[in-house]
Asker: 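Once you've had a glance at the structure underneath, I'll fire off some questions.
Just follow the structure's listing: the first ligand is 1, and inside any ligand the first atom is 1.
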Amino acid sequence: MSSRTVAPFFLLIALLFCMLSCSKKKETGIPIGQFVSLTGAQATFGQSTDRGVQMALEEINSLGGVLGQPLRLITKDNQSKPGETSTVVRELISRDKVVALIGEVASGRSLEAAPIAQRSGIPMISPASTNEKVTETGDHIFRVCFIDPFQGTVCAKFARKLGATKASILTDVSKDYSLGLAKSFKAEFLREGGVITGEQSYSGGDKDFSAQLTAIKAGNPDVIFLPAYYTEAPLIIRQARQQGITVPFIGGDGWDSPELVSVGGAAVEGCYFSNHFSSQSKVPEIVAFVEGYRKKYNQDPDAMVALGYDALRLLADAMKRAGSTDPAKVNEAIASTKDFPGITGKITLDEHRNPNKPAVMLQVKNGKFVYVESVAP
Ligand code: PHE
């Protein structure tokens with residue numbers, strides 16, 4: 001091609017390019033980043049959290065936003081994959097210039113994100129990561145949920161209340177969450193005079209648990225503590241029933257997913273788990289929240305919906321108190337959060353950036369998560 005034929009061609013391309021970039025509207029609103037597992041192994045965790053965050057976003061923006069501006073939520077899916085969280089969190093900070101981060105549910109992924117947020121000076125609020133180490137990363141890392149030393153204690157005390165003297169523990173060694181919860185359950189169960197008759201482990205993604213269950217059965221426990229995610233818990237419990245193990249399993253918040261029942265069926269009936277929230281609560285604010293969610297999604301909200309909702313609302317409240325969207329000022333305001341009225345309880349952040357909140361025990365009955373009791377911190 002001669003230069004005479006090429007020149008108009010380039011002009012046209014340049015013109016098109018300009019039209020495209022000029023037509024791209026300038027985005028308005030305060031940029032907030034959310035990193036969640038919308039797809040992949042623990043998709044229900046991320047989907048629920050996102051719905052709670054979106055509910056809060058709509059509410060905040062319909063009431064005029066924060067400091068006269070709407071919040072602009074930028075959500076990135078980490079596909080439940082290790083390594084992906086760091087990539088999306090870096091993007092949110094350096095490309096999208098978010099002033100704060102909401103995430104994650106799984107403690108392992110919060111632990112992946114936390115050092116990046118901390119180094120960048122961007123406050124991060126985990127809605128649901130309960131592992132103790134998450135907020136220890138630094139003074140920019142917060143959470144709106146209780147921590148596992150408390151949750152494990154609640155489960156151990158509950159097991160003792162059921163009359164159990166012997167407990168076995170089956171831990172997912174691939175997850176900080178499971179390791180931490182197993183440790184605190186064991187310490188408290190022993191402290192309360194119980195005996196641990198067997199400790200077995202597996203790795204997230206495993207499908208065959210027969211060897212571990214055979215060993216556990218031999219110890220003849222009264223209960224089995226299973227600090228698993230919903231991805232393995234129902235499989236494990238089904239295989240246990242097939243092996244003739246009839247005692248109740250007790251788990252933590254990681255069981256909270258519709259899949260516990262859809263996969264576990266009759267095998268999980270009668271089992272118990274600790275959680276942040278019960279959709280059966282009679283507290284007026286919770287009733288209203290549950291009704292609003294039901295209308296929209298035609299199902300009951302799980303704990304992550306409520307925690308996601310609380311996380312974004314707490315952040316908006318802190319920005320208002322800070323009177324600024326400067327991350328350092330927002331960080332200070334989050335740290336001084338006191339008596340924030342969350343759906344999952346009143347939130348006051350302590351010097352370790354953790355709240356002191358009650359837990360609930362739920363029991364699987366007729367395929368539903370039935371409220372058993374609340375446990376004060
Ligand atoms: N607490 C779990 C973790 O830290 C995540 C979780 C929270 C799961 C709430 C379900 C409900 O990994």
Side-chain angles (χ1 to χ4, degrees), residues 35-38 40-53 78 80-82 85 102-114 124-137 141-155 171-185 204 225-234 250-261 271-279 300-311 342-345 347 353-355 357-362 364 369:
F35 55 104
V36 270
S37 56
L38 292 176
Q42 292 116 27
T44 77
F45 282 175
Q47 289 162 2
S48 287
T49 314
D50 183 49
R51 286 175 178 181
V53 170
N78 56 34
S80 310
K81 277 192 203 143
T85 294
I102 303 278
E104 231 266 1
V105 171
S107 288
R109 289 193 285 270
S110 285
L111 283 165
E112 198 180 313
M124 164 182 148
I125 304 179
S126 165
S129 289
T130 46
N131 186 274
E132 210 178 358
K133 289 182 284 183
V134 171
T135 46
E136 285 169 5
T137 309
I141 317 300
F142 306 88
R143 72 178 115 213
V144 297
C145 55
F146 53 63
I147 57 175
D148 286 333
F150 170 64
Q151 180 168 212
T153 302
V154 166
C155 290
T171 309
D172 178 348
V173 287
S174 72
K175 295 198 174 58
D176 296 293
Y177 163 73
S178 189
L179 290 163
L181 207 46
K183 190 173 144 208
S184 57
F185 175 92
F225 186 57
L226 181 61
Y229 281 167
Y230 72 88
T231 39
E232 284 87 20
I250 297 177
D253 55 355
W255 281 22
D256 190 12
S257 168
E259 287 184 28
L260 185 81
V261 166
C271 291
Y272 301 91
F273 65 102
S274 53
N275 209 348
H276 307 264
F277 161 85
S278 165
S279 60
D300 282 357
D302 58 22
M304 283 141 293
V305 176
L307 289 167
Y309 180 79
D310 283 351
I343 283 296
T344 55
I347 301 173
R353 299 162 297 284
N354 299 321
K357 290 163 72 197
V360 296
M361 284 304 300
L362 305 176
V364 186
F369 299 155

Asker: Numbering the atoms of ligand 1 from 1, which are under 4.0 Å from a heavy atom of Tyr229?
Answerer: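 Under 4.0 Å from Tyr229, ligand 1 has these atoms: 3 (C), 12 (O).
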Asker: Just which atoms of ligand 1 are under 4.0 Å from any heavy atom in Ser129?
Answerer: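 Near Ser129, the atoms of ligand 1 are 4 (O).
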Asker: Which residue supplies the protein heavy atom nearest to atom 6 (C) of ligand 1, what is that atom called, and how far is it?
Answerer: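 The closest one turns out to be Val105 CG1, 3.4 Å.
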Asker: Would you confirm whether Trp255, through its side chain, and Leu226, through its main-chain N or O, come within 3.5 Å as a donor-acceptor pair?
Answerer: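 Yes, because the side chain of Trp255 sits within donor-acceptor range (under 3.5 Å) of the backbone of Leu226.
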Asker: For His276, counting its heavy atoms only, list the atoms of ligand 1 lying under 4.0 Å from any of them.
Answerer: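 Those atoms are 9 (C).
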Asker: Quick check on side-chain contact (heavy atoms from CB on, under 4.5 Å): which of Ile141, Thr85, Asp176 does Leu111 satisfy it with?
Answerer: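 The single option meeting the side-chain contact (heavy atoms from CB on, under 4.5 Å) with Leu111 is Asp176.
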Asker: Heavy-atom contacts with Met304 under 4.0 Å: which atoms of ligand 1 show up? List them by number with element.
Answerer: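 Heavy-atom distances to Met304 below 4.0 Å select 9 (C), 10 (C), 11 (C).
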Asker: Should Lys175 be listed as contacting ligand 1, given a heavy-atom distance under 4.0 Å as the test?
Answerer: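 No.
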Asker: Which is closest to atom 11 (C) of ligand 1 in terms of heavy atoms, Asp253, Leu111, Leu181?
Answerer: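 Among Asp253, Leu111, Leu181, the closest heavy atom to atom 11 (C) of ligand 1 belongs to Asp253.
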Asker: Donor-acceptor pair, distance only, cut-off 3.5 Å: does the side chain of Lys133 make one with the backbone of Gly180?
Answerer: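 Pair absent, no side-chain N/O of Lys133 close to backbone of Gly180.
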Asker: Could you tell me if the side chain of Arg51 sits less than 4.5 Å from the side chain of Tyr309, heavy atoms only?
Answerer: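 In short, these two side chains do not touch, never coming nearer than 4.5 Å.
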Asker: Who's the nearest protein heavy-atom neighbour of atom 8 (C) of ligand 1, and how far?
Answerer: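 Looking only at protein heavy atoms, the one closest to atom 8 (C) of ligand 1 is Phe45 CZ, 3.5 Å.
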